[in-house]
Structures are given as C-alpha cells and as structure tokens.
Amino acid sequence: TPVQNDLKEFYALL
Amino acid sequence: MFEARITQGSVLKKLVEALKELVTEGNFDVSNTGLSLQAMDSSHVCLVSLTLREDGFDHFRCDRNMAMGIHFGNLSKILKCAGNEDTITLKAEDNADQLTLMFEAPSQDRISDFDLKLMSIESEHLGIPDQDYSAEVKLPSSEYQRIVRDLTSIGDTVLISATKEGIKFSTSGDVGTANITLRHNTTPEKPEEQTFIDLKEPVALTFALRYLNNFSKATPLAPQVKLSLTKDLPIVVEYQVGELGSVRFYLAPKIDD
C-alpha cells in the first residue's frame with residue numbers, strides 16, 4: 001500500500 | 001495602514017470558500033506588492049499558496065509589512081454577509097488586532113462594516129523552488145472537478161499518469177476500477193474548453209483523492225486549472241484568478257512503502 005508523504009519531506013522550512 | 005479595495009468582491013468570497021476546509025487558519029502577509037498566504041493543512045499533506053498582486057486591486061495601500069492571522073471559518077462567516085455584487089474593502093491599522101471589512105452595494109445605498117478579530121499565528125513557511133515539471137496539463141476546471149468527484153465515489157487514491165497518449169486518472173475500490181483519459185485537444189473554439197498537455201517526460205504519481213477533490217472547491221474562480229507533475233514530487237494544482245493572482249494547491253504524493 002502506498003504511504004502518504006508529508007510535505008516537509010519535499011520542501012525545506014524557511 | 002493597510003487598505004485594499006476590490007470591486008468584484010465575489011472573488012474574495014470564492015477564495016475563502018475554496019480554502020476554508022483545507023486550512024483552518026493562516027497569516028495574510030501584506031506588503032506593498034500585494035497580499036499572500038501560505039498555509040498547510042493540519043496533517044502537513046497539502047499546502048495552499050495564495051498570491052494576490054497589488055495591481056489586481058482597484059485600490060491598494062500598505063505602509064508596512066504585516067502578518068494578519070486569520071481564522072478562515074470566521075472570515076467566511078463575515079464574507080457570507082457580503083452581496084455577490086458588492087465592492088469589498090479590507091482595512092487594518094498597523095499592528096492592529098482586527099481587520100475591518102467594508103461591503104458596498106453597487107447602488108451605494110447599503111454600506112456595512114464588520115471587524116474580524118485577528119489571531120497570532122506561528123506559521124511555518126516552506127521554501128518551494130521554481131522548477132520545470134515533467135508534465136503540465138491545462139484543462140477546464142469543470143472537467144477536473146468532474147473527474148476527481150467521479151473517482152472519489154470509486155476509490156481513495158488516484159494514479160495520475162501522463163504519457164504521449166494523454167493524461168490518465170485511475171482508481172480502484174470495493175465496487176471495481178475506473179480509468180479516465182484526457183487527450184490533448186485544442187479543437188473547441190473557446191480556449192477555456194481546450195486541454196493542453198505539455199509533456200517533457202512520462203510521469204506517474206499516486207495521490208489521495210480526498211484532497212484533489214477538496215481543491216476543486218476553487219472551480220468557480222477560474223475556467224481552467226493547471227496540473228504540474230514531476231516524479232516523486234508534490235502535484236501542483238493551480239487556478240489563475242483573472243488579473244488578480246493565483247491560488248496553488250500542493251499535495252504530497254503517496255509513495256510505495
């Protein structure tokens with residue numbers, strides 16, 4: 001089953 | 001002092017209706033270039049990025065940068081009191097703890113004002129780089145709405161695959177499976193009814209339909225929507241709001257465990 005990723009996995013916090 | 005006036009107040013009403021279920025609160029960041037908002041949903045799966053340019057307003061003044069913490073449910077309650085034809089003016093003093101919304105009927109015989117209490121919100125801003133996408137698809141926003149609504153009734157997740165054949169949306173669930181394919185189509189005379197597929201390389205990604213369906217609440221804002229896809233990156237679902245700006249939704253993909 002595909003796992004839902006968190007957006008923070010992709011974009012750095014400013 | 002911040003002041004922004006928009007003759008077509010219904011745009012603000014539609015914007016807030018499009019956002020309020022995804023993000024409960026966020027900061028309206030105002031500066032002399034316009035008004036922007038970046039807010040994530042509570043589970044950090046999707047992000048809303050709103051940009052309204054200063055020159056898209058009928059009048060815009062912002063003497064100093066401010067972050068106004070907005071509860072969108074409360075803003076929605078107030079905007080529901082504005083008529084669809086009303087001109088809306090937003091006003092706040094520097095460092096104010098409230099935002100004043102003034103509604104003027106076209107006939108000028110009814111003027112109302114409401115003060116919205118502002119919140120102090122620690123917002124987490126994500127740095128989203130400008131990038132080239134493997135596939136960019138522009139399609140009628142009503143078509144996007146129909147696809148995600150129909151597929152939501154069949155399954156929970158959708159596989160979106162863009163190839164030279166077109167863009168395919170596939171799902172499966174207890175009742176069975178569904179596939180909807182759109183092809184590049186510039187036959188309709190009206191540009192807003194056309195489908196443009198700009199493919200640099202084939203790409204296939206899986207997303208939660210619940211969020212894609214929620215993004216389609218922005219349909220009344222624009223006749224077309226743009227989907228941008230790149231392998232292993234969030235999808236961008238973008239609505240251009242006339243000359244005023246844009247609202248973009250970013251949704252993290254589901255990735256095989």
Side-chain angles (χ1 to χ4, degrees), chain A, chain B residues 22-23 27 29 36 38-49 67 122-131 133 155-161 170-173 204-212 215 228-237 248-257:
Chain A
T1 313
V3 175
Q4 177 63 61
N5 272 69
D6 189 305
L7 267 183
K8 292 181 187 174
E9 300 286 324
F10 303 94
Y11 303 126
L13 277 173
L14 291 180
Chain B
L22 283 171
V23 290
N27 282 319
D29 294 309
S36 65
Q38 197 198 80
M40 274 187 280
D41 78 306
S42 56
S43 54
H44 297 167
V45 170
C46 74
L47 177 143
V48 179
S49 175
E122 278 286 323
S123 67
E124 290 180 314
H125 269 68
L126 294 183
I128 302 170
D130 283 333
Q131 61 181 91
Y133 287 91
D156 295 330
T157 64
V158 61
L159 174 67
I160 304 179
S161 41
S170 308
T171 191
S172 61
L205 288 164
T206 301
F207 298 99
L209 273 165
R210 184 164 70 87
Y211 293 95
L212 293 177
F215 302 162
S228 302
L229 295 153
T230 290
K231 187 175 187 292
D232 294 341
L233 278 185
I235 186 175
V236 188
V237 179
R248 291 180 189 160
F249 300 99
Y250 295 79
L251 175 62
K254 290 188 167 229
I255 290 179
D256 279 329
D257 202 359

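Naming: A, B, ... by sequence-line order, numbering from 1 per chain.
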I'd like a table of all donor-acceptor pairs linking chain A to chain B (distance under 3.5 Å, no angle check), giving the atom names and the distance to one decimal.
unit_1	atom_1	unit_2	atom_2	d
A:V3	N	B:I255	O	2.7
A:V3	O	B:I255	N	2.8
A:Q4	NE2	B:A252	O	3.0
A:N5	N	B:P253	O	3.3
A:L7	N	B:H44	O	2.7
A:K8	NZ	B:H44	ND1	3.4
A:K8	NZ	B:E124	OE1	3.2
A:K8	NZ	B:E124	OE2	3.2
A:A12	O	B:G127	N	2.8
A:L14	N	B:H125	O	2.6

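For B:F215, the ring pair (Phe, Tyr, Trp, His ring centres under 6.0 Å) partners two or more places apart in sequence, or in a different chain, are B:F249.
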For this session: Could you walk me through whether A:L13 and B:L126 pass side chain to side chain contact (heavy atoms under 4.5 Å, CB included), step by step?
Result: CA-CA 4 Å; A:L13 277 173; B:L126 294 183; 3.4 Å; yes

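The candidate with the highest count of non-hydrogen atom pairs below 4.5 Å against chain A, out of B:P253, B:A208, B:P129, is B:P253.
Of all non-hydrogen atoms in A:L7 and B:P234, the two that sit nearest each other are CD2-CG, 3.7 Å.
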